[in-house]
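Notes follow once the structure below has been shown.
We name chains A, B, ... by the order of the sequence lines, and we start the count at 1 in each one. What you see is a predicted model; the values in this text were computed from it and never measured. These values consider heavy atoms only, across backbone and side chains, with no hydrogens, waters or symmetry-generated copies.
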Amino acid sequence: MKLYNTLTRYKEDFKPIEEGKVKMYACGPTVYNYFHLGNARPFVTFDTLARYLEYRGYDVTFVQNFTDIDDKMINRANEEGITVEQLADRFIKEYYVDADGLNIKRQTFQPRATQSMKAIIGLIKAMEANGYTYIIEGDGVYYDVSKKADYGKLSHYKLDELEAGGGERKASYEGKKNPGDFAVWKFKKEGEPSWGSPWGEGRPGWHIECSAMIKQYLGDTIDIHGGGQDLIFPHHENEIAQSEAANGCTFCNYFVHNAFVNIDGEKMSKSLGNFFTIRDIVKKYPYNVIRFFILLGHYRSPINFSDELLAAAQTSLGRISNCVRNANFVLSNGNLAGDAEADNVLEDAIKAAGDSFIAHMDDDLNSADAITDIFNLVRQVNSSAQEAKVSAAMLTAARDKILELTGVLGILLDLEEAIPEEITELANKRAEAKKAKDYALADQIRDEIQAKGYAVKDVPGGFKIEKAN
RNA sequence: GGUACCAUAGCCAAGUGGUAAGGCAUGGGUCUGCAAAACCCUGAUCCCCAGUUCAAAUCUGGGUGGUACCUCCA
């Protein structure tokens, strides 16, 4: 598989450190609020990457953290008059509601920063022992970026350029040796939660938790590190700096970054206030549509968000669900011929879709093209099911292939649900009315069924009932 | 000021040297009492200019337009 590596800015063949095994980490949410569509994109992207690697036979250890201590957490907790811990507990619970809805698999480990203090302190100690840190009295323990020769290798920023540029930027240089230096440990301020450390009471800096949790759960060198493009600098750059300073070896081989979700061509972000939480969107569009929508574009291309685009995605996804439902209906009702030639055509389509799906996903996780492969199979399945010349076994295999491939992408389909007896009876009455050519009555009953939230549709040999959306 | 990315049909979106996937929408058709679904048909000289090449949406140079990062941000 090829992955675009931010470190080198090339698509590279993915080679894990240990054959057959993948160690990957993705930056998780800061749990002070519901997460929005922009936040959801990396969750879905890296969940899909993990699912795909597993599909290809890798044994994947995947860590995604919860950031449960930082300025935003403290401020929000104060506003609400609760502790930071209570706030975190609440929004971790809420995270799971949306994450489960989006069919994001639970990662192997989901550590919380506040529960990783030993690892954090251990990492700072190691950096200190190696001479990378210094203390600013009354402020915190800082990392000295000038001590690391290759600082900037991820973002490809040069230290002197960082200093020179920025326009509006007002960096606080006070006490720092270099403008790019950053706190790894912040000394306690009044009213803030704190933990004991060799340097005094305080709390971890922003970047240190990821470095520490990675070391604790995955080791000194990992295969893949993921996150949004805005984390390239400074967050991931500083993670590299810290971990390599402490561990003395390469931190991570492949950095993978997703592009943003835009609204009217502008980045969706909390500071611009143009964001939509998943919780809000799901009132109108189901979770599986949201996930499908995210995967409809390549992860390194920006995607635009709008109501119309979600609506189109919903119709589009419905096409796949319809196909599987149709296949199921035909399998349970139809008498399929089992014509060898028809089977061959469908078999070819199954194979082509499967092979092409893998080729596309192997090419830097091109889910957009992979979905196209599913649609191409869908068309053939619809045709085959309609003609009813294929064998039940082949149609079943085709249907299962669709389920398999959508499953790799974590896309859940809307399949049969139990139909209440009352509805079935009404549908039977309508069928009788139709037989008696009393179409007025038939249509009236259909409306009645519609009003109860179901749709009855005539198909060759009878009718079928579906839940209306 | 520095650093990246992007510009493909009405809309969304792949393709990144050999004369343009897929989805949504539109129009026509098949099927149907009607409808739904499905199937078939329908649509792009790939932002502009110049260059390289037998061959460019795809490479190079120059424009124009847009976005992001350099500060909390996925």
Within the modelled atom types, does a donor on one side and an acceptor on the other bring the side chain of A:Arg300 and the base of B:C6 under 3.5 Å apart? no

Counting side-chain heavy atoms from CB outward, which of B:A35, B:A68, B:G2 is closest to A:Phe260? B:A68

pair A:Val289-A:Leu310: side-chain heavy atoms closer than 4.5 Å: yes

Aromatic ring proximity A:Phe66/A:Tyr95, centre distance under 6.0 Å: yes

Using a heavy-atom cut-off of under 4.0 Å over every strand shown, decide if A:Asn326 touches base, sugar-phosphate, or nothing. sugar-phosphate

Under a 3.5 Å threshold, yes or no: a donor from one side chain and an acceptor from the other, between A:Asn376 and A:Asp373? no

Below the 4.0 Å mark, does B:A38 have OP1 or OP2 next to a side-chain nitrogen or oxygen of A:Asn382? no

For the pair made of CG in A:Leu154 and C1' in B:A4, what is the distance, rounded to whole Å? 12 Å

Whole-Å distance between B:G1 P and A:Tyr157 OH? 16 Å

For A:Thr45, which contact category applies under a 4.0 Å heavy-atom criterion: base, sugar-phosphate, or nothing? nothing

For B:A55, give its Watson-Crick or G-U wobble partner with both distances under 3.5 Å, or none. none

Kindly confirm or rule out a cation-pi arrangement of A:Arg300 over A:Tyr4, judged by NZ or CZ under 6.0 Å from the six-membered ring centre and within 45° of its axis? yes

Could you work out the separation of B:G15 and B:A20 based on their C1' atoms and round it to a whole Å? 8 Å

Base, sugar-phosphate, or nothing for A:Lys457, non-hydrogen atoms under 4.0 angstrom? base

With both distances under 3.5 Å as the test, what is the Watson-Crick or G-U wobble partner of B:C11? B:G23

Taking the side chain of A:Leu309 as its heavy atoms from C-beta onward, which of B:C11, B:C72, B:C34 lies nearest to it? B:C11

In whole Å, I'd like the distance from the CG atom of A:Leu395 to the P atom of B:A38. 16 Å

Within the side chain of A:Ser321, is there an N or O that forms a donor-acceptor pair under 3.5 Å with the backbone of A:Leu415? no

So which nucleotide from B:C34, B:C70, B:A74 ends up closest to the side chain of A:Asp230? B:A74

Please give, in whole Å, the distance from B:C31 P to A:Glu387 CD? 15 Å

Using atom P in both nucleotides, what's the gap between B:A21 and B:C41 to the nearest angstrom? 13 Å

Output the single nucleotide from B:A4, B:C69, B:A37 whose closest atom is nearest the side chain of A:Arg9. B:A4

Are the aromatic rings of A:Tyr151 and A:Tyr143 close, with centres under 6.0 Å apart? no

Across the strands shown, which category fits A:Asp458 at heavy-atom distances under 4.0 angstrom: base, sugar-phosphate, nothing? base

Sticking with atom C1', work out how far B:U26 lies from B:G43, rounded to a whole angstrom. 10 Å

If you measure from the P atom in B:A57 to the same atom in B:U42, how many Å do you get, rounded? 23 Å

On RNA chain B, check which nucleotide each of A:Val456 and A:Ile303 is closest to and give me the residue with the more 5' one. A:Ile303

Separation of A:Lys267 atom NZ from B:U71 atom P, in whole Å? 13 Å

Rounded to the nearest 0.5 Å, how far does CD1 of A:Ile222 lie from CZ of A:Phe62? 10.5 Å

Separation of the C1' atoms in B:U58 and B:U16, to the nearest angstrom: 4 Å

Using 4.0 Å as the upper bound for N to carboxylate O, is an ion pair formed by A:Asp343 and A:Lys389? no

Length of the line joining A:Asn262:CG and B:C69:P, which is rounded to integer Å: 10 Å

Reckon A:Gly38 touches a base, only the sugar-phosphate, or nothing at all at heavy-atom distances under 4.0 Å? base

Pairwise side-chain contact, A:Lys267 with A:Asp230, heavy-atom cut-off 4.5 Å (strictly under): yes

For A:Arg430, which contact category applies under a 4.0 Å heavy-atom criterion: base, sugar-phosphate, or nothing? base

Do A:Asp70 side-chain and B:C72 base share a donor-acceptor contact under 3.5 Å? no

Using the benzene-type ring in the case of Trp, are the ring centres of A:Tyr34 and A:Phe91 under 6.0 Å apart? yes

Base-pairing mate for B:A38 - Watson-Crick or G-U, with both contacts under 3.5 Å: B:U30

Using both distances under 3.5 Å as the test, list the Watson-Crick or G-U wobble partner of B:A50, or none. B:U60

Earlier contact from the 5' end, RNA chain B, for A:Tyr299 and A:Asn322: A:Tyr299

Do A:Arg112 and A:Asp68 meet the salt-bridge criterion of a basic N to acidic O distance under 4.0 Å? yes

Can you tell me, in whole Å, how much space there is between the C1' of B:C70 and that of B:G18? 42 Å

At under 4.0 Å between heavy atoms, how does the protein contact nucleotides 15-27 of chain B? Give one character per nucleotide, 5' to 3', with B, S or -. S-----BSSSS--

Suppose you measure atom P in B:C48 against the same atom in B:G10; what distance do you get, rounded to whole Å? 14 Å

Rounded to the Å, how far apart are A:Lys270 NZ and B:C72 C1'? 10 Å

If I take atom CG in residue A:Asn238 and atom P in nucleotide B:C69, what distance separates them, rounded to the nearest angstrom? 17 Å

What interatomic distance, in whole Å, is found between C1' of B:C39 and the corresponding atom of B:U32? 14 Å

Name the pairing partner of B:G1, where a pair is Watson-Crick or G-U wobble with both distances under 3.5 Å, or state none. B:C70

Taking 4.0 Å as the cut-off, does a side-chain nitrogen or oxygen of A:Lys434 come that near to OP1 or OP2 on B:C34? no

With respect to the side chain of A:Asp443, which nucleotide from B:C39, B:G33, B:A74 is positioned closest? B:G33

Can you tell me which nucleotide in B:G33, B:U3, B:C72 comes closest to the side chain of A:Lys72? B:C72

With respect to the side chain of A:Leu231, which nucleotide from B:C39, B:A74, B:C69 is positioned closest? B:A74

